[in-house]
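What follows is one structure encoded as structure tokens, with my remarks underneath.
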There are 2 protein chains.
Amino acid sequence: MILKAIVRDYTSNGVPVGSKALASQLPMHVSSATVRNEMAALEELGLINKTHSSSGRVPSVKGYRYYVDYLVQPDPVKSNDIDVIKSSLDGQFLKIDEIIELSANILSNLTSYTAFTVKPELKESRLSGFRLVPLGKRQVMAVLVTDNGDVETQTFGVPQGVEGEQLEAVVRLINDQVIGQPLATVLELLQTSIPLQIAHYLQSPDGFLKIFGDVLTKAAQERFFVGGRLNLLNYSDNADVEELKSLYTLLDRSDDMADVLGQTGDAIQVQIGSEITNKILRDYSLITATYSVGGHGKGVIALLGPTRMPYSRMIGLVGAFRQELAKRLMDYYRNFDE
Amino acid sequence: MILKAIVRDYTSNGVPVGSKALASQLPMHVSSATVRNEMAALEELGLINKTHSSSGRVPSVKGYRYYVDYLVQPDPVKSNDIDVIKSSLDGQFLKIDEIIELSANILSNLTSYTAFTVKPELKESRLSGFRLVPLGKRQVMAVLVTDNGDVETQTFGVPQGVEGEQLEAVVRLINDQVIGQPLATVLELLQTSIPLQIAHYLQSPDGFLKIFGDVLTKAAQERFFVGGRLNLLNYSDNADVEELKSLYTLLDRSDDMADVLGQTGDAIQVQIGSEITNKILRDYSLITATYSVGGHGKGVIALLGPTRMPYSRMIGLVGAFRQELAKRLMDYYRNFDE
DNA sequence: TTTAGCACTCAACTTATCCAAGTGCTAAGA
DNA sequence: TCTTAGCACTTGGATAAGTTGAGTGCTAAA
């Protein structure tokens with residue numbers, strides 16, 4: 001298929017591909033004139049474009065789309081790459097956040113693009129403990145633990161006039177009421193019943209509620225990691241400074257990125273150029289995939305690169321990576337549950 | 001003085017300055033020919049350069065040096081800027097790390113350059129508490145508190161066969177031995193006497209020592225913050241991608257940056273272009289200053305920008321900022337000590 | 001010591017020219 | 001009907017040549 005050859009050539013060379021060069025690359029023997037005719041047809045269909053009236057052809061978004069949907073087959077991952085993944089991921093005994101952060105880095109190194117990893121959904125995880133640890137004179141640390149081992153802390157000063165016993169009582173109350181509940185539920189309760197009950201023990205419960213709410217929100221937040229930010233400088237060749245800035249700003253806004261990465265089904269999904277809803281990314285492509293960790297929810301891994309990325313290799317890599325990551329995390333949790 | 005006028009003109013316009021334009025700007029009435037003669041003299045001294053044989057003049061590093069050392073006087077800070085500083089810095093009750101991080105951001109916003117803040121030296125702070133907080137089945141959080149209110153935590157899994165009482169005993173031991181000692185001393189003890197003593201209580205003390213060491217190191221580490229990373233893209237006009245990458249990499253390597261920022265005396269110090277020891281920064285200028293927080297040590301603030309930055313304004317700003325920051329932190333600690 | 005005048009230099013911009021790669025189209029061949 | 005050789009045409013990009021303007025150094029007069 002001609003389109004396939006065009007995409008492959010263009011993604012690997014980055015130069016508009018002409019009929020003559022293409023003819024020599026095709027498996028069967030055809031003349032450049034034949035290729036030209038075919039190309040004219042593909043252009044008619046809107047699958048390829050010319051950059052100017054006498055230039056070679058470049059795949060359009062629609063062309064990439066067709067290629068990705070019907071033509072591409074994932075490259076088998078090079079055994080070398082597999083080694084890199086495996087060896088980077090084991091070694092020291094890592095905590096879950098570290099595994100996930102590390103994953104973003106490995107994936108970005110392997111691809112020279114920018115990689116994202118999102119931790120398995122935490123909204124579904126349950127509160128398994130909340131306590132206050134006195135640190136000094138009037139300083140206290142709030143510690144929240146979830147049932148999949150996440151720990152969130154925050155220190156704060158205790159205002160004059162609040163006694164240790166009062167706080168103790170409140171913590172006991174909280175634990176009695178909400179241990180074992182999903183974080184989302186607890187967040188709701190925090191708006192409704194909890195304040196009333198606390199009012200029995202504390203004169204001004206606002207401060208305490210804020211702390212508890214803060215820690216809870218932090219724990220419930222989807223945490224996502226970015227690897228290979230700097231690679232952006234390589235593959236966004238002709239972006240001006242302002243564009244780059246808004247791109248980088250976007251990468252740091254976790255809620256916006258959640259939107260971008262959120263619409264992911266179970267299969268590996270490829271969004272190309274203008275297909276991406278976020279305008280800032282309209283010149284790039286995004287490969288997203290979920291990985292599921294048994295009963296512990298699903299996370300997302302994603303890869304951002306230029307529209308002219310070698311899709312076959314990238315899709316292969318993302319596929320292999322999500323498997324490996326899922327496996328590691330399953331192991332991790334198995335270990336932890338036991 | 002002509003040099004002063006040249007520097008001022010060049011830093012504000014970025015274009016080599018010619019004799020005619022300069023003559024019209026000077027306070028006294030002189031002809032361009034006179035200015036040309038003066039310029040030739042300055043060039044003889046190596047204070048200014050031509051970019052090509054018939055271009056206007058540009059200050060050399062030596063020229064900037066002279067300007068900064070003898071000619072510049074700090075601009076009084078615009079009342080507007082002062083407002084920005086003050087209003088950004090108060091508001092919510094912030095923790096010390098947040099104040100310092102925020103400072104880097106404010107300073108970078110104000111200047112459109114890249115700002116650094118280093119927390120007052122922690123090596124001198126003392127250990128005021130270490131404890132282990134059980135979180136779940138076999139998960140424990142190590143908490144370390146210093147006498148100026150810093151808290152450092154780390155969670156870890158307890159291996160099978162180690163009992164709670166044993167750990168309790170060890171923690172009690174640690175607290176008896178090292179509470180009140182400077183962190184640096186504790187780090188030394190960790191190499192010498194502590195392991196022997198712990199051996200009484202734990203069969204394999206290595207794991208525990210590692211945890212304690214980790215937390216301790218984290219707490220003793222100079223923490224520094226960077227604000228306005230992205231501004232780098234604006235003012236490093238003609239740097240290629242590779243240079244930018246190594247710059248950004250440098251910004252994230254806290255030990256390298258410690259070197260760069262470390263050699264700072266009490267006065268506001270300006271390092272220009274090739275004067276900076278780190279090669280990567282040879283096309284930039286760095287303004288550094290310490291701020292001292294009474295008995296709580298000294299921190300550093302710094303500003304990285306192009307060699308052709310408007311030094312008078314920047315020096316003024318850094319000066320004002322360090323005062324304000326010192327004041328805030330004094331307040332903070334006063335509050336905390338009480 | 002300052003300044004007017006003048007010849008000279010050079011980067012940056014504009015035009016002109018050429019070239020290679022590529023296209024569309026036509027007409028002949030399988 | 002599909003393929004292909006041939007050919008005129010288009011176009012971006014690279015190179016060369018001309019133009020301009022800001023700026024310089026130097027000389028000689030005030």
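In what follows, every heavy atom counts, from backbone to side chain, and hydrogens, waters and symmetry copies are set aside. So that the names make sense, note that chain A is the first sequence line, chain B the second, and so on, each numbered from 1. The model shown is predicted, which means the values in this text are computed figures rather than measured ones.
When the P atom of C/dA21 is taken as reference, atom CG of A/D9 falls 15 Å away, rounded to whole Å. Following rounding to the nearest Å, A/H52 (NE2) and C/dG24 (C1') show an atom-to-atom distance of 15 Å. Taking atom CE of A/M28 as the reference point, atom C1' of D/dT4 lies 15 Å away to the nearest angstrom. The NE2 atom of B/H29 sits 15 Å away from the C1' atom of C/dT1 (whole-angstrom rounding). When rounded to the nearest whole Å, the span between OH of A/Y10 and C1' of C/dA21 equals 16 Å. Rounded to a whole Å, the CE atom of A/M39 is 15 Å from the P atom of D/dT3. Distance CD1 (A/I2) to P (D/dT3): 10 Å, rounded to an integer number of Å. Straight-line distance from the CG atom of B/L26 to the P atom of C/dT2: 13 Å, rounded to whole Å.
Counting only heavy atoms from C-beta on, A/E43 has its side chain closest to C/dG24 among C/dG24, D/dT3, D/dA5.
Using a 30° and 60° split on the angle between ring planes, B/F116 and B/F224 fall in the parallel class, below 30°.
Close to D/dT4, at under 4.0 Å from its OP1 or OP2, lies no side-chain N or O of A/R36. Side-chain nitrogen and oxygen atoms of B/S31 include at least one within less than 4.0 Å of the OP1 or OP2 phosphate oxygen of C/dT3. Checking the phosphate oxygens (OP1, OP2) of D/dT24, no side-chain nitrogen or oxygen of B/S53 falls inside 4.0 Å. Regarding contacts with the backbone of C/dT23, a side-chain N or O of A/R57 is found under 4.0 angstrom from either OP1 or OP2. Between D/dG23 and B/S19, no contact under 4.0 Å exists linking OP1 or OP2 to a side-chain N or O.
For residues 12-21 of chain B, the set of pairs meeting the side-chain hydrogen bond (donor to acceptor under 3.5 Å, both in side chains) definition, not counting sequence neighbours, comprises B/D9-B/N13, B/S19-B/R36.
Ion pair B/R313/B/D81 flagged as a salt bridge, since at least one NZ, NE, NH1 or NH2 atom sits closer than 4.0 Å to an Asp/Glu carboxylate oxygen.
Interface remark: the A/S54 side chain does form a donor-acceptor pair with the D/dT10 base, using a distance-only criterion of under 3.5 Å.
Along DNA chain C, the nucleotide nearest to A/P16 and the one nearest to B/T51 differ in position, and the one closer to the 5' end is contacted by B/T51. Residue A/K20 is the one, among A/N37 and A/K20, whose nearest nucleotide of DNA chain C lies closer to the 5' end (criterion: closest heavy atom).
Counting heavy atoms from C-beta on, the side chains of B/V17 and B/M39 come closer than 4.5 Å.
Residue contacts for B/K50: at a heavy-atom cut-off of 4.0 Å it reaches the sugar-phosphate backbone alone, with no base atom in range.
Within the model, atoms CD1 of B/I272 and CZ of B/R308 stand 14.5 Å from one another, a figure rounded to the nearest 0.5 Å.
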